[in-house]
J.: 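Take this structure, written in structure tokens, and hold onto it; I'll ask about it next.
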Amino acid sequence: MGRILPRDFYNRETEIVAQEMLGTIIECTTPEGTASAMIVETEAYIGEHDLACHAAAGRTKRTALLYGPPGFSYVYFIYGMHWCFNAVTRAEGMPSAVLVRAAEPVSGKSLMRERRNEMPRDVDLTNGPGKLCEALGIDGAMNGVSLQKKPLVIREGRAVRPDEIETTPRIGISRAVDWPLRYIIRGNPYVSRFPRTSPGKNKQV
DNA sequence: TCGAAGATTGTCT
DNA sequence: GACAATCTTCGAG
């Protein structure tokens with residue numbers, strides 16, 4: 001098993017952290033057991049000037065974590081039914097985070113499948129931020145916990161070469177839609193959505 | 001206290 | 001592709 005990523009890993013430019021989190025292993029332990037997956041898709045949310053970032057609304061009860069120290073989780077509930085997992089980055093006072101959007105199951109696959117309503121295909125277990133959290137068992141109880149110890153840790157995984165990383169605009173947001181802050185492992189079948197290839201349209205399919 | 005919007009997903013056409 | 005399900009958060013009244 002790879003070593004746990006140190007606190008300093010997260011205390012850097014959010015775009016760098018987002019790219020280097022590709023290929024790392026997120027591992028979540030609950031009373032039901034442990035499940036882990038290799039991260040293949042991330043997005044950077046980089047502060048109050050980033051209108052798609054929750055911190056654009058300023059410091060509130062909800063966003064207080066983003067202003068805290070790096071290396072902690074930021075888990076929020078969206079659309080009344082899904083959890084999204086982020087890793088808080090940068091030094092204190094810089095409200096930014098990396099959203100983990102998709103991963104490739106590594107261990108605890110049967111547990112993930114059970115949580116995910118017996119989805120037959122592996123790719124449907126973790127190819128989206130809400131699915132990923134459901135499969136790994138991440139919920140509000142994991143909000144604000146350290147990523148250096150159980151129940152939630154991120155470990156070194158496989159090395160990802162720079163030419164394997166593809167950069168695209170972020171998904172599912174309505175502001176700052178053109179900012180190229182989404183990073184995926186090129187060609188990995190577990191990413192949530194593939195970049196559009198046909199020119200002309202500005203919408204993801 | 002109320003209303004609107006949201007870093008999504010699954011199902012139907 | 002389009003849309004409903006569902007509820008927390010936040011700002012306005």
Side-chain angles (χ1 to χ4, degrees), chain A residues 10 14-15 17-19 21-22 26 37 39-68 72-90 94-103 105 112-144 147 154 166-184 189-198 200-205:
Chain A
Y10 303 95
T14 303
E15 298 92 317
V17 177
Q19 291 173 67
M21 279 176 68
L22 294 175
I26 181 170
I39 295 170
V40 300
E41 175 177 350
T42 61
E43 286 181 4
Y45 288 84
I46 55 177
E48 294 175 349
H49 64 289
D50 176 1
L51 294 181
C53 182
H54 287 171
R59 185 172 190 150
T60 65
K61 189 176 177 182
R62 183 199 206 187
T63 61
L65 268 169
L66 293 175
Y67 292 79
F72 284 80
S73 73
Y74 170 53
V75 180
Y76 65 90
F77 198 51
I78 190 70
Y79 294 120
M81 53 185 78
H82 300 295
W83 295 100
C84 290
F85 168 78
N86 298 249
V88 177
T89 62
R90 280 192 174 174
M94 286 296 292
S96 42
V98 174
L99 168 71
V100 178
R101 287 191 53 90
M112 295 191 217
R113 177 162 284 116
E114 193 179 313
R115 288 176 174 140
R116 288 280 301 138
N117 199 27
E118 302 298 330
M119 283 288 175
R121 300 190 312 156
D122 279 3
V123 291
D124 290 321
L125 297 177
T126 53
N127 64 342
K131 301 176 187 178
L132 176 70
C133 286
E134 185 175 22
L136 292 176
I138 297 174
D139 62 17
M142 306 272 183
N143 190 28
L147 296 175
I154 300 181
E166 187 162 359
T167 304
T168 84
R170 293 173 291 186
I171 303 288
I173 56 176
S174 59
R175 296 184 291 183
V177 292
D178 290 330
W179 292 23
L181 294 174
R182 173 176 178 247
Y183 307 98
I184 63 181
Y190 291 86
V191 302
S192 63
R193 304 188 195 186
F194 293 95
R196 69 173 193 278
T197 48
S198 60
K201 298 224 167 81
N202 238 343
K203 262 185 155 172
Q204 287 284 340
V205 177

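Below, chain A is the first sequence line, B the second, and so on; all start at residue 1.
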J.: Please find the pair of heavy atoms, one from A:Gly140 and one from A:Val75, that lie closest to each other, and give the distance.
T.: N-CG1, 4.4 Å

J.: I need a per-nucleotide contact map over nucleotides 3-13 of chain C, read 5' to 3'. Cutoff is protein heavy atoms under 4.0 Å; write B for the base, S for backbone only, - otherwise.
T.: --BBBSSSS--

J.: For DNA chain B, what residues of residues 121-133 of chain A have any heavy atom nearer than 4.0 Å?
T.: A:Gly128, A:Pro129, A:Gly130, A:Lys131

J.: Looking across every strand, which nucleic acid part, if any, lies under 4.0 Å from A:Arg116 by heavy atom: base, sugar-phosphate, or nothing?
T.: sugar-phosphate

J.: Report the distance from atom CG of A:Asn117 to atom CG of A:Asp124, rounding to the nearest 0.5 Å.
T.: 11.5 Å

J.: Can you run through DNA chain B from 5' to 3' and write each base as (, ), [, ], | or . depending on how it pairs? Watson-Crick or G-U wobble, both distances under 3.5 Å.
T.: ||||||.|||||.

J.: To the nearest 0.5 Å, what is the distance between CD1 (A:Ile39) and CZ (A:Arg101)?
T.: 13.5 Å

J.: Please identify the 5'-most and 3'-most nucleotides of DNA chain B with any atom under 4.0 angstrom from a heavy atom of chain A.
T.: B:dG6 to B:dG10

J.: Taking A:Arg175 first and then A:Asp50, would you say they form a salt bridge - that is, a charged N and a carboxylate O separated by under 4.0 Å?
T.: no

J.: Would you mind listing every side chain to side chain donor-acceptor pair (under 3.5 Å) that reaches into residues 73-86 of chain A, with sequence neighbours excluded?
T.: A:His54-A:Tyr74

J.: I need the A:Phe85 CZ to A:Asn143 CG distance, nearest 0.5 Å.
T.: 10.0 Å

J.: Going by side chain to side chain contact (heavy atoms under 4.5 Å, CB included), A:Arg193 matches just one of A:Thr168, A:Ile171, A:Asn127. Which one?
T.: A:Ile171

J.: Check the pair A:Tyr183 / A:Met21 against side-chain contact (heavy atoms from CB on, under 4.5 Å), numbers first and verdict last.
T.: CA-CA 10 Å; A:Tyr183 307 98; A:Met21 279 176 68; over 6 Å; no

J.: Identify, between A:Glu134 and A:Ala55, the residue whose nearest nucleotide on DNA chain B lies closer to the 5' end.
T.: A:Ala55

J.: Listed by chain and number, what are the side-chain hydrogen bond (donor to acceptor under 3.5 Å, both in side chains) partners of A:Gln19, not counting sequence neighbours?
T.: none

J.: Start with the C-alpha gap between A:Leu181 and A:Glu15, add the side-chain angles, then the distance that decides, and say whether side-chain contact (heavy atoms from CB on, under 4.5 Å) holds.
T.: CA-CA 7 Å; A:Leu181 294 174; A:Glu15 298 92 317; 3.8 Å; yes

J.: With a 3.5 Å distance limit and no angle check, can you tell me whether A:Arg113 reaches the backbone of A:Pro120 through a side-chain donor-acceptor pair?
T.: yes

J.: Rounded to the nearest 0.5 Å, how far apart are CD1 of A:Ile173 and CG of A:Asp178?
T.: 9.0 Å

J.: Taking 4.0 angstrom as the limit, do A:Arg115 and A:Glu134 come out as a salt bridge?
T.: no

J.: Applying a 4.0 Å non-hydrogen cut-off, can you work out what A:Ile173 is touching in the nucleic acid: base, sugar-phosphate, or nothing?
T.: sugar-phosphate

